[in-house]
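Naming convention: chains lettered A, B, ... in sequence-line order (proteins, then strands); numbering from 1 in each chain. On a predicted model such as this, the values are computed, not experimentally measured, just so you know. Excluded from the calculations below are hydrogen atoms, water molecules and symmetry mates; all remaining heavy atoms, backbone and side chain alike, are included.
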2 protein chains.
Amino acid sequence: MSEIKQTSTNFSNKLALSDECPEAYASTIIGGQWTLVICSWLLGGKLRFGELKKKLPNITERMLTLQLRKLEENKIVSRTVYAEVPPRVEYELTPIGYALKSVIKELEEWGDRHKKLISE
Amino acid sequence: MSEIKQTSTNFSNKLALSDECPEAYASTIIGGQWTLVICSWLLGGKLRFGELKKKLPNITERMLTLQLRKLEENKIVSRTVYAEVPPRVEYELTPIGYALKSVIKELEEWGDRHKKLISE
DNA sequence: TTAGGTACTATACAAAATGTAAGTAATGAG
DNA sequence: CTCATTACTTACATTTTGTATAGTACCTAA
């Protein structure tokens with residue numbers, strides 16, 4: 001993050017894949033390291049920047065900002081700034097963001113199952 | 001890919017996340033650029049290395065090998081080598097690999113929906 | 001006047017993922 | 001002997017992602 005080179009092979013490969021495979025498309029959008037975790041916290045309702053930060057152990061402010069910006073660009077979260085001092089900014093899932101709920105649920109189930117299998 | 005430094009902050013962050021969030025765990029496992037596409041082709045039945053290569057436009061042999069190795073390590077695909085010349089190697093989803101079907105389905109649906117929304 | 005809280009931004013760097021180009025081994029067909 | 005076929009390796013370059021650390025702007029309260 002956050003510059004992508006629109007001339008790289010990597011870029012055009014992703015584009016081509018996203019074009020034909022909705023699942024690859026989806027995974028480039030929600031595939032970031034913190035993306036899904038952020039969304040799954042937001043499934044519980046809107047949160048402020050600082051609140052999110054507390055929920056995500058070890059995330060740096062830069063990363064949190066970048067991920068939120070990307071989510072915003074992709075219309076997965078909405079950002080509301082309150083003109084107060086000190087500032088207050090709230091993040092909330094959009095409808096398509098909330099629609100991630102079933103995706104996350106499936107991923108969680110599969111993840112749990114896989115983890116058990118591997119740890120045997 | 002494919003060396004991960006077990007001393008890096010990034011590594012321990014991923015570990016910590018994977019520990020508490022099955023969805024983050026799942027996404028580190030199936031989050032590779034080609035992973036899901038490979039799996040979704042394999043959902044249709046076993047395929048040889050060369051067949052997979054043809055299905056995946058632009059993938060290099062190196063990338064295909066790496067991804068398949070990772071999938072194998074994670075017990076998502078099984079690898080069968082036939083002692084012939086020229087060699088024949090078949091890849092097939094394991095049960096937990098087939099279990100990705102519903103994950104992929106959800107991702108596809110969400111991806112389609114999201115794509116439509118964005119392109120408006 | 002100074003310190004403090006909030007949500008950032010900037011810069012530099014480290015690590016991970018992906019890509020390119022060239023090889024290799026085995027063997028049977030010609 | 002030479003060539004084609006298949007599934008890889010290897011060495012290296014580039015791109016993408018993540019971390020560390022230090023700022024900034026704003027007002028308010030002490």
Integer-rounded Å distance: [N] [atom2] and [X] [atom1]:
X: B/Ile4; N: C/dA15; atom1: CD1; atom2: P; result: 13 Å
X: B/Leu66; N: D/dT10; atom1: CG; atom2: P; result: 11 Å
X: B/Ile59; N: C/dA17; atom1: CD1; atom2: P; result: 15 Å
X: A/Met63; N: C/dA14; atom1: CE; atom2: C1'; result: 12 Å
X: A/Lys54; N: C/dA7; atom1: NZ; atom2: C1'; result: 13 Å
X: B/Lys53; N: C/dG19; atom1: NZ; atom2: C1'; result: 14 Å
X: A/Lys70; N: D/dT16; atom1: NZ; atom2: C1'; result: 11 Å
X: B/Glu51; N: D/dT5; atom1: CD; atom2: C1'; result: 15 Å

B/Gln6 vs B/Thr60, nearer the 5' end of DNA chain C by closest nucleotide
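That would be B/Gln6.
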Go nucleotide by nucleotide along DNA chain C from the 5' end; which of A/Leu68 and B/Val85 gets its closest nucleotide reached first?
A/Leu68
Return the nearest nucleotide to the side chain of [X]; candidates are [options].
X: B/Trp34; options: C/dG19, D/dT19, C/dG5; value: C/dG19
X: A/Lys5; options: D/dT16, C/dA7, D/dT19; value: D/dT16
X: A/Thr9; options: D/dA7, C/dG19, C/dA16; value: C/dG19
X: B/Gln67; options: D/dT17, D/dT15, C/dT18; value: C/dT18
X: A/Ser8; options: D/dT16, C/dT18, D/dT19; value: D/dT16
X: B/Arg69; options: C/dG19, D/dT9, D/dT19; value: D/dT9
X: A/Pro86; options: C/dG19, D/dT17, C/dG5; value: C/dG5
X: A/Arg79; options: D/dG18, D/dT5, C/dA7; value: C/dA7
X: B/Thr65; options: D/dT9, D/dT17, D/dA20; value: D/dT9

Going hydrophobic residue to hydrophobic residue with side-chain gaps under 4.5 angstrom, can you get from A/Val81 over to A/Val85?
no
Between the main-chain N or O of A/Ser78 and the side-chain N or O of A/Thr94, is there a donor-acceptor pair closer than 3.5 Å?
no
Keeping B/His114 on the side-chain end and A/Asn74 on the backbone end, is there a donor-acceptor pair under 3.5 Å?
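Answer holds: yes.
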Roughly how far, to the nearest 0.5 Å, is [atom2] of [Y] from [atom1] of [X]?
X: B/Trp110; Y: A/Glu106; atom1: CH2; atom2: CD; result: 15.5 Å
X: B/Ile30; Y: B/Tyr25; atom1: CD1; atom2: OH; result: 11.0 Å
X: B/Gln67; Y: B/Ile76; atom1: CD; atom2: CD1; result: 11.0 Å
X: A/Glu72; Y: A/Tyr91; atom1: CD; atom2: OH; result: 6.5 Å

Near DNA chain D, counting only heavy atoms under 4.0 Å, which residues of residues 10-31 of chain B show up?
B/Asn10, B/Asn13
Using a 4.0 Å heavy-atom cut-off, does A/Gln33 contact any base of the nucleic acid, only the sugar-phosphate backbone, or nothing at all?
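It contacts sugar-phosphate atoms only.
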Considering every strand and a 4.0 Å limit on heavy-atom distances, what is the contact class for B/Tyr82: base, sugar-phosphate, or nothing?
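The answer is nothing, as B/Tyr82 stays clear of every strand by at least 4.0 Å.
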Examine the base of C/dT18 for any acceptor or donor lying under 3.5 Å from a partner atom in the side chain of B/Arg62, and report the outcome as yes or no.
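Donor-acceptor pair under 3.5 Å: yes.
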Both B/Arg48 and A/Thr7 contact DNA chain D. Taking the nearest nucleotide for each, which residue is further toward the 5' end?
B/Arg48
Could you please spell out the steps behind the salt bridge (charged side-chain N to carboxylate O under 4.0 Å, His left out) verdict for A/Glu90 and A/Arg88?
CA-CA 7 Å; A/Glu90 284 182 348; A/Arg88 181 159 63 101; 3.2 Å; yes
